[in-house]
Number of protein chains: 2
Amino acid sequence: MNVQSSHGHSHSKGPQSLRLTKGAKKVLEVLERTDELSSAQDIHSALRNEEDSPPGLTTVYRSLESLVQLGLVQSVDFGDGERRYEMVKPGEHHHHLVCEKCRNSVHLDQCLVQQLEESIQAKYKFEVRGHILEIFGLCEQCQQAMAPAGKNQ
Amino acid sequence: MNVQSSHGHSHSKGPQSLRLTKGAKKVLEVLERTDELSSAQDIHSALRNEEDSPPGLTTVYRSLESLVQLGLVQSVDFGDGERRYEMVKPGEHHHHLVCEKCRNSVHLDQCLVQQLEESIQAKYKFEVRGHILEIFGLCEQCQQAMAPAGKNQ
DNA sequence: TTAGTACTGAAAACGGTTTTCATTTGCCCG
DNA sequence: CGGGCAAATGAAAACCGTTTTCAGTACTAA
């Protein structure tokens, strides 16, 4: 994976080249210091609060697209119509346990699907290239908080 | 799970009650005879081609919501911004292998996550209540079709 | 400096989904 | 046999995250 700085010449015709533009660097900085998953809007607001001339929403989206393609960021879809993003080690990815009450999430330390690829390949003759896996439920604290009276959520 | 016919009196305040309305029955009929996953639009067009006074798109969406809540239908999100639906045995669910080229999909015959719930519970003290899992790649035919020259898609 | 290309931002377009609201439907009950 | 009501319905508008358009800017190479 060859990450260069912006403005070299490339002949790719995509929306933008796969280089770290100024905007993309700022976006990456935000993600670097965030543990939780961030939406494009989250990132945009974060930048608005700290930059004198923050990148616009459009640039944030475009930067995220590049960063995802570079393998520095993964996008996560919880099926709620809003994509979230987070940093990953280049080329890696992981999944989450997402608490339905407090909305916090923890990374799973291993990819459960990867282990299954071989058997899926064998059984279905299907070449696995990607997957979505997110798990929802209640984290420890929220379980306790709900235990006394079965209300809320 | 108590599925009744429409127009009984209920005191739920949701968008609509959890009964099989006329529209919902038509929607269910479409899903009943479809193997592939269908979007709301798919279902709507299917009905337009065969009903004299087909339910509108709005009703299709509302029906799907009820059917999902009744456990008769599951909604599937591939992260491409369009939800698909399919019939399931009440209370059950399953996942798919989706071919990225021909877009066909096959059901997995068992839920891979269910088997993991116990260990997730033990390791993370997390109470699993739901999950998203979809696997993308190439089906057998499309692998072969792409083998000769590595073009396409 | 100049030319060329990538980057950027504002606004508009997009597309699936949801909401609004006025109308219709069908059951209950007198 | 209606009248009354709550639920269901449809058309149109609103929503909302995301993408596209397009004109202006910034950077790099030469």
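All values derive from a computational prediction rather than experimental measurement. No hydrogens, no waters, no symmetry mates; every other heavy atom, side chains included, goes into these values.
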*Could you list the residues that satisfy ring pair (Phe, Tyr, Trp, His ring centres under 6.0 Å) with B:His93, not counting sequence neighbours?*
B:His95, B:His131

*Rounding to a whole Å, what distance do you find between B:Glu65:CD and C:dT17:C1'?*
11 Å

Could you list all N or O pairs between the protein and nucleotides 9-11 of chain C that sit under 3.5 Å apart?
unit_1: C:dG9; atom_1: OP1; unit_2: A:Pro54; atom_2: O; d: 3.4
unit_1: C:dG9; atom_1: OP2; unit_2: A:Gly56; atom_2: N; d: 2.9
unit_1: C:dG9; atom_1: OP2; unit_2: A:Thr59; atom_2: OG1; d: 2.3
unit_1: C:dG9; atom_1: N7; unit_2: A:Arg62; atom_2: NH2; d: 2.5
unit_1: C:dG9; atom_1: O6; unit_2: A:Arg62; atom_2: NH1; d: 3.3
unit_1: C:dG9; atom_1: O6; unit_2: A:Arg62; atom_2: NH2; d: 3.2

_Using a 3.5 Å distance criterion without hydrogens, assess whether the side chain of A:Gln143 forms a donor-acceptor pair with backbone atoms of A:Leu138._
yes

*Can you tell me how far C1' of D:dT9 sits from CG of B:Leu47, to the nearest Å?*
14 Å

*Would you jot down, in residue-number order, the residues of residues 26-41 of chain B having a non-hydrogen atom under 4.0 Å from DNA chain C?*
B:Gln41

*Rounded to the Å, how far apart are A:Asp42 CG and D:dG17 P?*
10 Å

*Tell me whether the OP1 or OP2 atom of C:dG26 has a side-chain N or O from B:Lys22 closer than 4.0 Å.*
yes

*Within less than 4.0 Å of OP1 or OP2 of C:dT18, is there a side-chain N or O belonging to B:Tyr61?*
no

*To the nearest Å, give me how far apart CD (A:Glu82) and C1' (C:dG15) are.*
17 Å

_Separation of atom CD1 in A:Ile43 from atom P in D:dG17, rounded to whole Å_ = 14 Å

*Atom-pair distance (CZ on B:Arg48; C1' on D:dA11), nearest Å*: 13 Å

*asked:* From CG of B:Asp77 over to P of C:dG16, roughly how many Å is that when rounded to an integer?
replied: 13 Å

*Is the CD atom of B:Glu118 crowded by more than 12 outside heavy atoms at less than 6.0 Å?*
no

*Would you say the side chain of A:Leu64 lies within less than 4.5 Å of the side chain of A:Ser75, judging by non-hydrogen atoms?*
no

*Take atom NZ of A:Lys25 and atom C1' of D:dA26, then tell me their distance rounded to the nearest Å.*
14 Å

